[in-house]
Amino acid sequence: MNELKLAVLGSRGAGKSALTVRFLTRRFIGEYASNSECIYSKHLSLDGRQMNLEIYDPCSQPRQGKLSLTDELHWADGFVIVYDISDRASFAFAKALLYRIRDSHLAACKRVVESAVFLVGNKQDLCHMREVGWDEGQKLAMDNKCQFCELSAAEHCQEVVTMFMKVLRTITTN
Ligand code: GDP
């Protein structure tokens, strides 16, 4: 069975746990109480192939200002980088994460698999409070050769599932 490892990263409150739990359970958990890092496991079928997926979600870990990411970069096969469209600071943090991932790939002379990175603008239901334009997210993704979408973990179940399946498919076809 194939093993896939995905890290869901972003600033605190961007919706990492909400997205992860939405994908795993199809439910939206408003307040996800956790004080530690979480690794979730799930068996899934991807295009007829059985996979064992592990998702790393740093949960309540405050990552602002701490971008070493060394463990995550070694561990993960792909990344979902989440920001909140109603919080510009979370976008700046997502940008710093993307640069960190790109630089580490270059430094390690790894086969660059930027496309196994998905930039997600979450909380699209809060577009009346929007601080980050769709075009800004799209441009950041294009500049870093990663996939991009805006969605709402609160309201869009199918979009969340589709986004995760796209990044998993990219990993398995690389
Ligand atoms: P994390 O720290 O990145 O894991 O963020 P959480 O998943 O814990 O979410 C932080 C807060 O944002 C919680 O109160 C969630 O209910 C809320 N939240 C997450 N996703 C959405 C969304 O798509 N829309 C709205 N309106 N709130 C969301």
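Order of listing sets the numbers, starting from 1, for every ligand and every atom in it.
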> Which distance, rounded to the nearest 0.5 Å, do you find between the NZ of Lys95 and the CD of Glu136?
Replying inline: 7.5 Å
Donor-acceptor contact below 3.5 Å, side chain [X] vs main chain [Y]:
X: Lys16; Y: Gly10; result: yes
X: Glu150; Y: Gln124; result: no
X: Asn122; Y: Asp84; result: no

>> Looking at Asp135 and Lys139, is any side-chain nitrogen of the basic one under 4.0 Å from a carboxylate oxygen of the acidic one?
In response: no
Relative to the heavy atoms of [X], which atoms of ligand 1 are at a distance of less than 4.0 Å?
X: Leu126; value: 26 (N)
X: Ala18; value: 7 (O), 19 (C), 20 (N)
X: Ala153; value: 20 (N), 23 (O)
X: Ser11; value: 3 (O)
X: Ser152; value: 23 (O)

>> Contact between ligand 1 and Gly10 is defined here as a heavy atom of the residue under 4.0 Å from a ligand atom; is it met?
In response: no
> If hydrogens are left out, which of Leu9, Asn122, Asp125 has an atom nearest to atom 25 (C) of ligand 1, that is, the closest non-hydrogen atom?
Replying inline: Asp125
>> Just to be sure I'm reading this right: ignoring hydrogens, which of Lys123, Arg12, Gln124 gets closest to atom 17 (C) of ligand 1? Compare them by their nearest heavy atoms.
In response: Lys123
>> Are any of the N/O atoms on Phe28, whether in the backbone or the side chain, positioned under 3.5 angstrom from an N/O atom of ligand 1?
In response: no
> Does Leu151 reach ligand 1 with a nitrogen or oxygen that is under 3.5 Å from one of the ligand's nitrogen or oxygen atoms?
Replying inline: no
>> Below 30° counts as parallel, above 60° as perpendicular, anything between as tilted: where do the rings of Phe23 and Phe164 land?
In response: parallel
>> Testing Val117, Val8, Leu140 one by one against Ile81 for a side chain to side chain contact (heavy atoms under 4.5 Å, CB included), which residue passes?
In response: Val117
